[in-house]
Each structure stands twice: as structure tokens, then as C-alpha cells.
Protein chains: 2
Amino acid sequence: MSLREKKKIETKNKIFEVSGRLFKDKGFENTTVDEITKKAGIAKGTFFNYFPTKEALLLYFGEKKEELVYDLIENETMKNIPTKEKIKNILICLADSCENDKELTKLLILEHTKCMQHSCLGPDECKNSLYRLNKLVYALLEEGVGNKDVKSSIDVKMVADIITGIHLYSLIVWLKSDGEISFSNSISEKIDMLFEGIGV
Amino acid sequence: MSLREKKKIETKNKIFEVSGRLFKDKGFENTTVDEITKKAGIAKGTFFNYFPTKEALLLYFGEKKEELVYDLIENETMKNIPTKEKIKNILICLADSCENDKELTKLLILEHTKCMQHSCLGPDECKNSLYRLNKLVYALLEEGVGNKDVKSSIDVKMVADIITGIHLYSLIVWLKSDGEISFSNSISEKIDMLFEGIGV
DNA sequence: GGTCAACTATGACTATAGTCATAGTTTGGT
DNA sequence: ACCAAACTATGACTATAGTCATAGTTGACC
């Protein structure tokens with residue numbers, strides 16, 4: 001690795017590390033880029049060489065976190081269990097991950113909602129976690145239809161959207177609540193309902 | 001009405017009117033508060049006497065729009081039709097309203113997501129359209145359970161959340177799409193699925 | 001119609017994200 | 001070792017949302 005590459009990684013890590021501490025201490029909104037760069041010992045402009053906006057740094061935190069959770073999720077997808085259980089387990093993994101850092105989750109869901117709109121990014125570049133979840137659920141449902149685990153008459157894309165929506169709104173409700181609600185429980189029950197249907 | 005009250009209303013309307021034109025012309029982000037106040041013939045500080053933030057003005061646009069759509073929705077709720085149809089019609093009303101001003105919808109959904117998180121506002125003050133929809137759907141479902149239109153075994157709150165989630169994510173997908181998708185169609189089909197269930 | 005309290009308007013000021021021309025550093029080729 | 005090109009850092013500068021002390025206006029009461 002060249003000197004240049006080493007320095008780049010070092011600087012990026014320094015920003016990541018310093019801002020992580022600051023965000024934890026004072027919150028994202030109350031931390032200025034000036035402050036981050038001062039503590040990291042770099043010039044303000046340098047920050048923007050690494051992250052195009054302050055929000056991009058937030059998304060980077062999100063990516064790091066997602067790497068971890070998707071390792072777990074990958075495991076789940078391998079298991080030989082009914083589709084419903086598989087989807088539930090995955091959503092529970094995600095929920096647990098959200099539950100262990102509510103503040104970050106709160107900030108990220110806003111960024112992801114923002115992201116989803118600026119359709120600038122195609123399917124693959126888009127690091128958006130909602131989008132990623134949606135694709136994964138889609139794949140599992142297709143598998144489920146193949147296994148006769150899920151009605152073959154359904155529009156798989158549509159159901160994937162329903163499930164993503166359930167995840168998103170449950171997340172929002174949980175964020176709004178002051179900790180009385182368990183995100184993972186509530187989502188699990190909702191998936192049961194979707195599979196059973198609510199009509200008489 | 002006192003002179004003071006008249007002037008206040010006049011000024012607020014002036015801001016509303018001028019900013020409406022500017023937002024249409026150049027978009028929300030590209031319109032500055034400075035510009036709005038100059039065209040409205042008031043000082044910058046005055047703007048913030050009427051709207052605490054630039055985003056609050058956006059929410060005001062949202063409220064005005066919502067007043068209109070909720071008139072239609074109220075009509076629907078009166079009708080003597082199956083619960084499923086009622087909920088579908090309401091969601092279609094909302095979708096139509098969104099479809100007739102995509103840009104505003106895009107901006108509002110972000111603000112509403114933001115709003116939902118800052119749990120500062122209680123159920124009643126909160127003008128948030130997601131929250132409002134959620135409450136309405138909840139009421140209709142209860143009615144539906146009473147009418148034996150909906151399984152009595154369901155947790156009504158949970159199903160209301162599912163439906164709100166379906167609405168929200170469908171909205172996001174529609175916003176992301178470049179007009180190929182009909183928001184109202186897609187949501188209607190999703191409600192059918194939820195009533196029927198997707199399990200074999 | 002004078003006076004004071006309550007309300008409202010004002011615009012200079014602050015805070016902060018993000019830009020950009022310039023200066024400095026690293027690299028690969030000779 | 002030297003040079004040019006490519007890359008990276010820098011911090012003064014800009015743009016803009018939002019604040020706040022001050023000045024101006026309105027209304028109610030005498």
C-alpha cells in the first residue's frame with residue numbers, strides 16, 4: 001500500500017473515531033464540522049474531501065453498522081426453515097441492531113428516507129438499508145413461492161414492499177415511543193398477521 | 001376583527017402566496033427566506049414571527065392541502081360499505097392527493113418522518129399526516145371488527161400500523177419511481193393482499 | 001386624547017455547512 | 001536525483017437559516 005493510500009485511510013479513520021466520540025457526547029446536530037476537524041487535527045476543507053456532506057458521515061456510520069448486522073442476516077438466510085420464520089428472523093436481527101443504538105437509528109432513518117427519494121442512485125450503488133432489505137425480502141419470497149411456502153398467486157414485489165413498509169413504520173413508531181415498546185416483538189407479530197390475513 | 005389581527009392574517013397570506021409561487025418556480029431548496037421576504041415586502045425577521053423555521057412553512061402548505069383531502073375522506077368514512085373498501089378508498093383519496101403534487105409530497109414526507117420522531121407533540125396537537133391516517137384507520141378497523149368485517153382476533157392497533165406502513169412505503173416507492181407507477185393502484189392491491197393473507 | 005403595556009417589525013448579527021483557488025505532497029517515469 | 005502530473009490539504013470565503021436587541025405600532029383604560 002502506497003504512502004498516499006495509508007494516509008487517506010488514517011485520516012478517514014481519524015475523522016470517524018473523533019466524530020463518533022463527539023456524536024455520542026453531544027449528539028449529531030450539536031457537533032459541528034469545525035469541531036470534528038479541530039479535534040482530528042485537520043483543516044475543515046479536508047473533511048469534505050472524505051465526506052461530501054456532514055450527513056454522508058452519518059451514512060458511513062450506518063454502513064459500518066449494517067456490515068455487522070448483515071453478517072448475522074446472511075446466516076439466517078442459509079437456514080432451512082419456513083419462509084415466514086426466515087423473514088421474521090431477519091427483521092428481528094435488524095430490529096435488534098436498531099435497538100442497540102436508538103439515536104443513530106433515528107438519524108439514519110431520516111437520511112435513508114431522503115436517499116430513497118433522490119433516485120439518483122441505481123439499485124446497486126444505493127447503500128440504502130430500506131432498499132437492501134426490500135431486495136432481500138423479495139428474494140426470500142421468491143424462494144418461498146418456489147417452496148410452496150407462500151401463495152403462488154401473490155405479486156412478490158408487492159409483498160416485499162408491504163413487508164418493507166411494515167418494517168419502516170414499526171421503526172418509526174418504536175422511535176417515537178419512549179422505550180415501552182419492543183421493536184422486534186411488534187414486528188414479529190405483524191408478519192404473522194400478514195401471512196394469515198386479516199379478513200374474515 | 002382588530003386591525004392587528006387583520007394585518008397578521010394579511011402578512012401570513014402574503015408569505016404563503018409569494019412562497020408558493022417561488023417554490024413552484026425554483027423549488028423549495030433553491031428559494032431562500034431572504035427572497036421570500038423581499039418579494040413579500042417584509043423584513044427577514046418578520047418571516048420567523050410567522051413560521052419558526054423554513055420547514056414550518058412547508059408544513060403549513062401540507063396542512064392546507066390536507067384540509068382539502070380530509071373533506072373527501074370524511075365523506076368516504078360515512079358510506080355504508082365494507083371496511084376493506086372503505087380503507088382502500090381512503091388510501092386512494094390520499095394517494096390521488098399526493099399524485100397531484102409530487103414535489104410537495106416529496107418534501108412533506110421527509111418533514112413528517114422527522115416530526116414523528118420528535119415525540120414532543122402529543123396525539124392531538126400533532127398535525128402529522130401519517131399519525132392522522134393511522135388514527136383514522138384504527139377507528140375504521142374497530143368499526144370493522146364490530147361489523148364482523150374484520151377478524152375479531154386481530155390487534156387493531158397493530159393492523160393500523162401495518163396499513164400506515166404500507167401507505168408510507170408505497171409513497172416512497174412511488175416518489176422514487178419516475179411516474180411509471182400509479183400510487184393509488186399499487187396501494188389498493190396491497191390492501192387486498194393484507195386482507196387475504198399471503199400464507200398457503 | 002394621553003399613556004402605558006402588549007404586541008409586532010426590523011435588519012444587523014451569529015452560527016455553520018459547504019466551496020474553491022492556492023499551496024503542498026506523492027508518485028512514476030527518465 | 002529530478003520533473004511533471006496527479007493527488008490532497010488548506011483556510012479564507014460564501015451562502016443562508018435563524019436570533020435578538022431595539023424601534024415602532026396597536027389597543028385598552030383613564
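Keep in mind that what you see is a predicted model, and the values were worked out from it rather than measured. First the proteins, then the strands, lettered A, B, ... as listed; each starts at 1.
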| message | Under the rule for salt bridge (charged side-chain N to carboxylate O under 4.0 Å, His left out), what residues qualify as partners of Lys86(A), not counting sequence neighbours? | response | Glu143(A)
| query | Would you say Met193(A) and Ile166(A) are hydrophobically clustered, going by side-chain heavy atoms of ILVMFWY under 4.5 Å? | reply | yes
| task | State which residues pass side-chain contact (heavy atoms from CB on, under 4.5 Å) with Arg4(B); sequence neighbours excluded, sorted by chain then number. | result | Ser2(B)
| Test item: Leu133(B) and Ile163(B) side chains (from C-beta on) under 4.5 Å apart, heavy atoms | no
| said: If I take atom CG in residue Leu57(B) and atom C1' in nucleotide dG18(D), what distance separates them, rounded to the nearest angstrom? | reply: 14 Å
| Tell me, which pairs form a ring-ring contact (aromatic ring centres under 6.0 Å, His included) where one or both residues lie in residues 177-200 of chain A, sequence neighbours left out? | His167(A)-Phe183(A), Trp174(A)-Phe183(A)
| Going by heavy atoms closer than 4.0 Å, what residues in residues 2-18 of chain B are next to DNA chain D? | Ser2(B), Leu3(B), Arg4(B), Lys7(B)
| said: Students often mix this up, so state it plainly: with edges at 30° and 60°, are the rings of Phe23(B) and Phe61(B) parallel, tilted or perpendicular? | reply: tilted
| message | Under the rule for salt bridge (charged side-chain N to carboxylate O under 4.0 Å, His left out), what residues qualify as partners of Lys8(B), not counting sequence neighbours? | response | none
Would you tabulate the side-chain donor-acceptor contacts of residues 37-48 of chain A under 3.5 Å, counting partners in other chains and residues two or more places apart, or write 'none'?
from	atom 1	to	atom 2	distance (Å)
Thr37(A)	OG1	Val33(A)	O	3.1
Thr37(A)	OG1	Asp34(A)	O	2.9

| request: Please check the phosphate of dA9(C) (OP1 and OP2 only) for any side-chain N or O of Tyr50(B) closer than 4.0 Å. | output: yes
| remark: Contact check, residues 26-36 of chain A vs DNA chain D, heavy-atom distance under 4.0 Å, returns none
| query | What does Phe51(B) touch in the nucleic acid at a heavy-atom separation under 4.0 angstrom: a base, only the sugar-phosphate, or nothing? | reply | nothing
I'd like a list of close polar pairs between nucleotides 10-13 of chain D and the protein, N/O only, cut-off under 3.5 Å.
from	atom 1	to	atom 2	distance (Å)
dT10(D)	OP2	Ala43(A)	N	2.9
dT10(D)	OP2	Thr46(A)	OG1	2.9
dG11(D)	N7	Gly45(A)	N	3.3

| Glu35(A): what forms a salt bridge (charged side-chain N to carboxylate O under 4.0 Å, His left out) with it, not counting sequence neighbours? | Lys26(A)
| request: Rounded to 10°, tell me the angle between the two end axes of the helix from dG1(C)-dC30(D) to dT30(C)-dA1(D), each built from five pairs. | output: 0°
| Got Glu10(A) and Asn13(A) here, is their nearest side-chain heavy-atom distance under 4.5 Å? | no
| query | Can you list the residues that meet the salt bridge (charged side-chain N to carboxylate O under 4.0 Å, His left out) rule with Lys84(A), with sequence neighbours excluded? | reply | Asp192(A)
| Co-members of the apolar cluster containing Leu68(A) [side chain, <4.5 Å] | none
| Looking at side-chain heavy atoms only, is the closest gap between Thr164(A) and Val173(B) below 4.5 Å? | no
